[in-house]
Amino acid sequence: MLKKTLLTLVLGLPLAVLAQSESQLVDRYTALAGSRQNATSLVTGLREGRQVTLTRGTTTQTFTPPTGTMGYGNVDNALALAQASLAQRNITQPTPAQLQASVMDVLKLRADGQGWGQIAQSYGIKLGDVKRS
């Protein structure tokens with residue numbers, strides 16, 4: 001019985017942490033995405049390497065990340081860099097097309113083998129500064 005309890009605790013902990021991470025990322029990027037539904041599609045799509053759907057009004061944009069599956073830390077880095085690149089152009093409430101283009105620009109660089117620091121540097125920013133803000 002003790003072994004089963006310990007196993008449940010050990011196996012249950014990562015699931016709770018993962019669920020919390022997804023929820024935190026959705027909360028963090030809801031304003032950028034324009035809605036909780038869009039933020040959920042972004043986080044889930046990037047995490048699972050599946051199609052992302054962004055909708056505002058009657059406008060819908062869809063794309064599939066070129067990076068395949070990603071960990072939550074990588075999803076956070078990608079969205080933080082996309083947000084920073086939009087902010088450089090004074091875009092704080094991007095359209096679905098603007099958000100798609102920004103996210104895809106970051107993901108293409110990552111898929112080409114660049115590290116997060118290199119990608120940030122290509123935008124003239126530091127990843128640490130982006131993550132702190």
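The first residue of the sequence shown is numbered 1, and numbering continues consecutively from there. For the numbers below, each heavy atom of this structure counts, side chains included, while hydrogens, waters and symmetry mates do not.
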* Identify the heavy atoms of Val106 and Ile119 that sit nearest to each other, and give their distance. => O-CD1, 3.9 Å
* Asked: Any donor-acceptor pair under 3.5 Å linking the side chain of Ser102 with the backbone of Gln98?
  -> no
* Using a 4.5 Å cut-off on heavy atoms from C-beta on, say whether the side chain of Lys108 contacts that of Thr67. => no
* Structure fact -> When rounded to the nearest 0.5 Å, the distance separating OG of Ser41 from CZ of Arg50 is 11.5 Å
* **Atom CZ of Arg36: over 12 foreign heavy atoms under 6.0 Å** => yes
* Asked: Would one find more than 12 heavy atoms of other residues, nucleotides or ligands at under 6.0 Å from atom CD of Gln88?
  -> yes
* Can you check side chain to side chain contact (heavy atoms under 4.5 Å, CB included) on Leu86 and Thr92, steps first, answer last? -> CA-CA 7 Å; Leu86 288 164; Thr92 56; over 6 Å; no
* Asked: Are Ser85 and Arg89 close enough that some pair of their side-chain heavy atoms sits under 4.5 Å apart?
  -> yes
* **Pairwise side-chain contact, Val130 with Gln83, heavy-atom cut-off 4.5 Å (strictly under)** => no
* With side chains defined as the heavy atoms from C-beta onward, is the minimum distance between Ile125 and Leu81 less than 4.5 Å? -> yes
* Mind checking the CG-CD spacing from Leu107 to Gln100? Nearest 0.5 Å is all I need. => 10.5 Å
* Would you say the side chain of Ser122 lies within less than 4.5 Å of the side chain of Leu109, judging by non-hydrogen atoms? -> yes
* Just checking, is any N or O donor in the side chain of Gln61 or Thr53 under 3.5 Å from an acceptor N or O on the other one? -> no
* Structure fact -> Taking every heavy atom of Ala80 against every heavy atom of Lys131, the minimum-distance pair comes out as CB-CD, 4.1 Å
* Arg56 side chain reached by Thr95 side chain, heavy atoms, under 4.5 Å -> yes
* Asked: Do other residues, nucleotides or ligands put more than 12 heavy atoms under 6.0 Å from Glu48 CD?
  -> yes
* Structure fact -> Heavy atoms of Ala111 and Pro66 approach each other most closely as CB-O, 3.7 Å
* Starting at CG of Asp27, measure out to CD of Glu22 and round the result to the nearest 0.5 Å. => 10.5 Å
* **Heavy-atom check, side chain of Asn74 versus side chain of Arg110, under 4.5 Å** => yes
* Pair Val52-Thr62, side chain to side chain contact (heavy atoms under 4.5 Å, CB included): steps then yes or no -> CA-CA 5 Å; Val52 173; Thr62 60; over 6 Å; no
* Taking the side chain as C-beta and beyond, is there a heavy-atom pair between Gln24 and Tyr72 under 4.5 Å? -> no
* Shortest non-hydrogen contact from Val75 toward Arg47 -> CG2-N, 3.8 Å
* **Derivation of the side chain to side chain contact (heavy atoms under 4.5 Å, CB included) call for Leu46 and Leu79** => CA-CA 9 Å; Leu46 269 60; Leu79 294 177; 4.2 Å; yes
* Working for side chain to side chain contact (heavy atoms under 4.5 Å, CB included), residues Thr59 and Thr55 -> CA-CA 6 Å; Thr59 303; Thr55 303; over 6 Å; no
* To do: Please name the pair of heavy atoms, one in Ala33 and one in Ala39, separated by the smallest distance, quoted to 0.1 Å.
  => CB-N, 3.5 Å
* Do Asn38 and Tyr29 get their side chains close enough for a donor-acceptor pair, meaning under 3.5 Å? -> no
* Is the number of heavy atoms from other residues, nucleotides or ligands within 6.0 Å of CD (Gln118) greater than 12? -> yes
* **Between OG1 on residue Thr30 and CD on residue Gln37, distance to nearest 0.5 Å** => 11.0 Å
